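The next block holds one structure in the form of structure tokens; read it before the comments.
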Amino acid sequence: MEAQVVIIGAGAAGMMCAIESARRGRSVLLLDHAKSAGEKIRISGGGRCNFTNLDIQPDRFLSQNPRFALSALKRYTQWDFIAMVDAAGIPWHEKTLGQLFCDTSAKDIIAMLAGHMQDAGVTVKLGTTVDGVTRAAGGYSVDTSLGAIRCESVVIATGGKSIPRMGATGFGYHVAESFGLPIVETRPALVPLTFAEQELAQTRALAGTSVQANVACDGASFNEGLLFTHRGLSGPSILQISSYWTEGRTLAVNLAATRDVAAELKSLRAEAGRISIKNALARIIPEKLAAVVVAETGHSGNLADQNNASLDALAERVHTWIIKPVGSEGYRTAEVTLGGINTDALNAKTMEAKDAPGLYFIGEVVDVTGWLGGYNFQWAWSSGWAAGQVA
């Protein structure tokens with residue numbers, strides 16, 4: 001079997017690359033070991049696919065070389081993908097913070113991409129395992145369950161290690177290493193964080209409680225929802241900060257990011273001084289959380305019993321909770337993989353390996369990781385588009 005271009009991985013980046021390459025008249029073969037294309041698209045965004053973000057900016061992508069993503073993101077923007085979605089008649093809405101979701105189903109995005117691939121003449125082979133890629137005369141040989149496939153170009157779009165139940169593996173990294181490309185150490189990102197038993201003893205009763213919080217670590221901070229779990233913390237603010245947190249670091253958490261706790265308690269003291277300090281605080285933060293905070297700080301009695309210094313101390317505990325996670329939930333629940341193919345080894349304009357002409361790496365397998373909220377899908381569309389112009 002032969003094709004001019006073999007793309008391994010029928011996810012967001014792989015399908016976009018297949019469309020663009022085939023539109024140039026190339027014979028394109030798209031392979032995936034899954035039974036269906038775009039499985040991570042299907043489950044994303046609660047089944048509605050957060051397909052991009054209105055506010056794509058370079059500083060919202062993590063990489064050892066943050067400028068690497070600039071070229072692809074500028075040449076194929078969120079507005080380009082939105083235009084594709086609009087042309088397909090897919091209704092969408094902005095949920096929050098520029099995040100765009102399908103009104104109906106993520107399957108609409110998959111169907112749109114599948115339609116474009118069909119129109120462009122892409123051959124798709126699902127349920128096909130790939131064992132390796134080697135150099136061959138005139139290009140490469142891809143060893144698959146269909147036999148060896150000769151081609152001029154190979155595009156690796158296999159993603160990272162996140163969500164292994166969806167079939168994620170480290171295959172892309174193995175291919176890169178076999179051609180001498182360096183790998184930036186990988187770890188789970190956009191993932192819930194876990195506590196040691198000592199911290200869990202304090203917070204376990206809060207499981208299911210959520211607040212609007214500001215969470216900071218390593219110079220980064222996010223003001224979004226926070227959710228207490230039986231194992232630690234989750235919610236958008238925690239998923240975001242997990243990309244910046246490393247073992248041994250602490251988080252600074254403001255549990256009432258939009259409120260002035262001290263001022264509100266002092267004002268309430270003048271109006272309802274006879275209520276308990278716990279019930280007073282429960283007017284500002286969830287009752288269960290108020291009980292934990294009051295117990296931890298040792299406050300007791302009625303609100304009228306507290307002087308200004310006492311209320312300031314209580315407010316400080318709410319606004320500055322310092323906690324040290326011990327780990328994360330791992331790749332099982334991580335939305336993406338941090339790290340990957342070192343961008344120093346790739347051409348930023350084409351995504352081609354500098355020392356292996358005709359070999360390309362796109363999407364999550366590369367050391368480019370976006371924030372939560374459609375950024376990683378946009379990187380998939382942009383990097384896939386960029387490789388598709390030349391592969």
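The shown structure was predicted, so the numbers you read here are calculated from the model rather than taken from an experiment.
- For the pair E287/K278, a side-chain contact is recorded, criterion being any heavy-atom separation below 4.5 Å from C-beta on.
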* Between L206 and R204, is a side-chain contact (heavy atoms from CB on, under 4.5 Å) present by the stated rule, with each step listed? -> CA-CA 5 Å; L206 297 173; R204 188 175 281 116; over 6 Å; no
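- Here the side chains of E197 and L200 are in contact, with some heavy-atom distance below 4.5 Å.
- Contact check for L227 versus L233: no side-chain heavy atoms found under the 4.5 Å cut-off.
- Side chains of T128 and H33: a donor-acceptor N/O pair is absent below 3.5 angstrom, by distance only.
- Residues L190 and F377 are members of separate hydrophobic clusters, defined by side-chain heavy-atom contacts under 4.5 angstrom among Ile, Leu, Val, Met, Phe, Trp and Tyr.
- Considering every non-hydrogen atom in both I238 and P192, the closest pair reads CG2-CA, 4.4 Å.
- With a 4.5 Å cut-off on side-chain heavy atoms, Y360 and I156 do not count as touching.
- Between L113 and I19, the shortest heavy-atom distance links the atoms O-CD1, 3.7 Å.
- Side-chain contact, S276 with N279: a donor N or O sits under 3.5 Å from an acceptor N or O.
- Residues V215 and F222 fail the side-chain proximity criterion, which asks for heavy atoms closer than 4.5 Å.
- Using the six-membered ring where Trp is involved, W381 and F81 have ring planes that are parallel, under 30° apart on the 30 and 60° scheme.
- For the pair V155 and I8, the minimum side-chain heavy-atom distance is 4.5 Å or more.
- Applying the side chain to side chain contact (heavy atoms under 4.5 Å, CB included) rule to R75 yields the partners S71, K349, W385, A386; only residues at least two apart in sequence or on another chain are considered.
- The closest side-chain donor-acceptor pair between E329 and T333, if any, does not fall under 3.5 angstrom.
- For S300, the side chain to side chain contact (heavy atoms under 4.5 Å, CB included) test picks out no residue, with sequence neighbours left out.
- Applying the salt bridge (charged side-chain N to carboxylate O under 4.0 Å, His left out) test to every pair with at least one member in residues 1-20, sequence neighbours left out, gives these pairs: E20-R23.
- Classified by interplanar angle (parallel below 30°, tilted 30° to 60°, perpendicular above 60°), the ring pair Y375/W371 is perpendicular.
- Under the 4.5 Å side-chain heavy-atom criterion for grouping Ile, Leu, Val, Met, Phe, Trp and Tyr, M351 is connected to L31 within one hydrophobic cluster.
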* Asked: Does the pair F179 and D355 meet the rule for a side-chain contact (heavy atoms from CB on, under 4.5 Å), with working shown?
  -> CA-CA 8 Å; F179 284 92; D355 294 333; over 6 Å; no
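- Screening V142, I7, T134, V5 for a side-chain contact (heavy atoms from CB on, under 4.5 Å) involving V154 leaves a single residue, V142.
- Applying the side-chain hydrogen bond (donor to acceptor under 3.5 Å, both in side chains) test to residues at least two apart or on different chains, the pairs with a partner in residues 319-328 are N254-H319, E316-T320.
- Residues meeting the salt bridge (Lys or Arg N to Asp or Glu O under 4.0 Å) test with E271, sequence neighbours left out: none.
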* Check against side-chain contact (heavy atoms from CB on, under 4.5 Å), T186 and Y173 -> CA-CA 10 Å; T186 60; Y173 310 128; 3.9 Å; yes
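- D218 is linked by a side chain to side chain contact (heavy atoms under 4.5 Å, CB included) to R249, counting only residues two or more places apart in sequence or in another chain.
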* To do: Would you please test R48 and W92 for side-chain contact (heavy atoms from CB on, under 4.5 Å) and show each step?
  => CA-CA 9 Å; R48 290 195 175 183; W92 54 269; over 6 Å; no
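- Salt bridge annotation for R26-E152: present, with a cationic side-chain nitrogen under 4.0 angstrom from a carboxylate oxygen.
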